[in-house]
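Just so we're clear, the structure is a prediction, and the values are computed from it rather than from any experiment. Residue numbers start at 1 and run along the sequence shown.
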Amino acid sequence: MGIWQRLLLFGGVSLRAGGGATAPLGGSRAMVCGRQLSGAGSETLKQRRTQIMSRGLPKQKPIEGVKQVIVVASGKGGVGKSTTAVNLALALAANDSSKAIGLLDVDVYGPSVPKMMNLKGNPELSQSNLMRPLLNYGIACMSMGFLVEESEPVVWRGLMVMSAIEKLLRQVDWGQLDYLVVDMPPGTGDVQLSVSQNIPITGAVIVSTPQDIALMDAHKGAEMFRRVHVPAKAYLRIAVEVVRRLPSPSE
């Protein structure tokens, strides 16, 4: 195991979940409670449930030096999510050269950013033992692909992956960034939840292709972000409309 694997695997992530129990009510008592839960009582119960559900969740902490975080996600793989993330970062930099842009690839099993950004090599360490991103096209980039050999598979269990994600989020010296674009792995699993619950996210982009099965998974991805309170206004609609405007292969 090399120095970068040891660095990523040092420590771990523990998740705790909270819960509550309710006692059944019978007969007329249930009817009385049902009437009392209308209006203000119902709202109070909803707030109480929200508090119970949030117990044990990690506190959101901004990434040092990063002003805004934009995540690019998809419900299904192979729909162009990484291509969209790279082009979004490049477009932000081209639109305003005064803005500092970063690109973080948290797809541990299949990192695409090193190839798309034409970058190779291991990141250097700062004096505070933080990894320095690699630079190209004016974009600061960090990816799991910089820490392992290009042909080496990442054969890790969930806890090891979560530890690596924590290091990619917290142990990178980004300097001062106006925007950090995060290329998420496909799906709605542990990585998506960890990123959404650990750092404040400005917004998310859901990428999809026009096939019904891809759109169905894109709906699930958009709903996941809404459930973890990431702004989700019109994400799916925008993604679908953009895809529908693309020319067909025969054109």
Considering all heavy atoms, the nearest [X]-[Y] contact:
X: Ala214; Y: Thr209; result: CB-OG1, 3.4 Å
X: Val191; Y: Val106; result: CG1-O, 4.0 Å
X: Ser194; Y: Ile165; result: OG-CG2, 4.4 Å

Query raised in the report: Going through the distances and angles, do Trp156 and Ser163 end up as a side chain to side chain contact (heavy atoms under 4.5 Å, CB included)?
Result: CA-CA 11 Å; Trp156 290 355; Ser163 178; over 6 Å; no

So, taking the atom named [atom1] in [X] and the one named [atom2] in [Y], what distance separates them when rounded to the nearest 0.5 Å?
X: Ile201; Y: Gln60; atom1: CD1; atom2: CD; value: 7.5 Å
X: Met144; Y: Lys167; atom1: CE; atom2: NZ; value: 11.5 Å
X: Met160; Y: Arg157; atom1: CE; atom2: CZ; value: 9.5 Å
X: Asn129; Y: Asp173; atom1: CG; atom2: CG; value: 11.0 Å
X: Ser196; Y: His229; atom1: OG; atom2: NE2; value: 11.0 Å
X: Ile206; Y: Lys220; atom1: CD1; atom2: NZ; value: 13.5 Å

Return yes if some donor-acceptor pair links the side-chain N/O of [X] with the main-chain N/O of [Y] below 3.5 Å, else return no.
X: Asp105; Y: Gly145; value: no
X: Asn87; Y: Thr83; value: yes
X: Gln192; Y: Gly189; value: yes

Report task. Given side chain to side chain contact (heavy atoms under 4.5 Å, CB included), test Met131 with Asn122 step by step and report yes or no. Result -> CA-CA 9 Å; Met131 295 180 287; Asn122 298 134; over 6 Å; no

Query raised in the report: Looking at Lys115, Met117, Met116, which one forms a side-chain contact (heavy atoms from CB on, under 4.5 Å) with Leu119?
Result: Met117

Query raised in the report: How about Arg170: does its CZ atom have over 12 heavy atoms from other parts shown lying under 6.0 Å from it?
Result: yes

Query raised in the report: Sequence neighbours excluded, which residues qualify as side chain to side chain contact (heavy atoms under 4.5 Å, CB included) partners of Asp212?
Result: none

Under 4.5 Å between any side-chain heavy atoms of [X] and [Y], yes or no?
X: Val71; Y: Phe225; value: yes
X: Pro114; Y: Lys120; value: no
X: Ile101; Y: Leu177; value: no

Report task. Output, in order, the C-alpha distance, side-chain angles, deciding distance and verdict of side chain to side chain contact (heavy atoms under 4.5 Å, CB included) for Val72 and Leu88. Result -> CA-CA 9 Å; Val72 180; Leu88 177 59; 4.0 Å; yes

Query raised in the report: Can you list the steps and then say if Val86 with Leu103 is a side chain to side chain contact (heavy atoms under 4.5 Å, CB included)?
Result: CA-CA 7 Å; Val86 168; Leu103 180 60; 3.9 Å; yes

Query raised in the report: Taking only residues at least two apart or on different chains, which pairs with a member in residues 62-84 satisfy salt bridge (Lys or Arg N to Asp or Glu O under 4.0 Å)?
Result: Lys67-Asp178, Lys76-Asp217, Lys81-Asp183

Query raised in the report: Would a hydrophobic clustering, with Ile, Leu, Val, Met, Phe, Trp and Tyr connected at side-chain separations under 4.5 Å, put Val148 with Tyr109?
Result: yes

Query raised in the report: For Ser97, what residues pass the side-chain hydrogen bond (donor to acceptor under 3.5 Å, both in side chains) criterion, not counting sequence neighbours?
Result: none

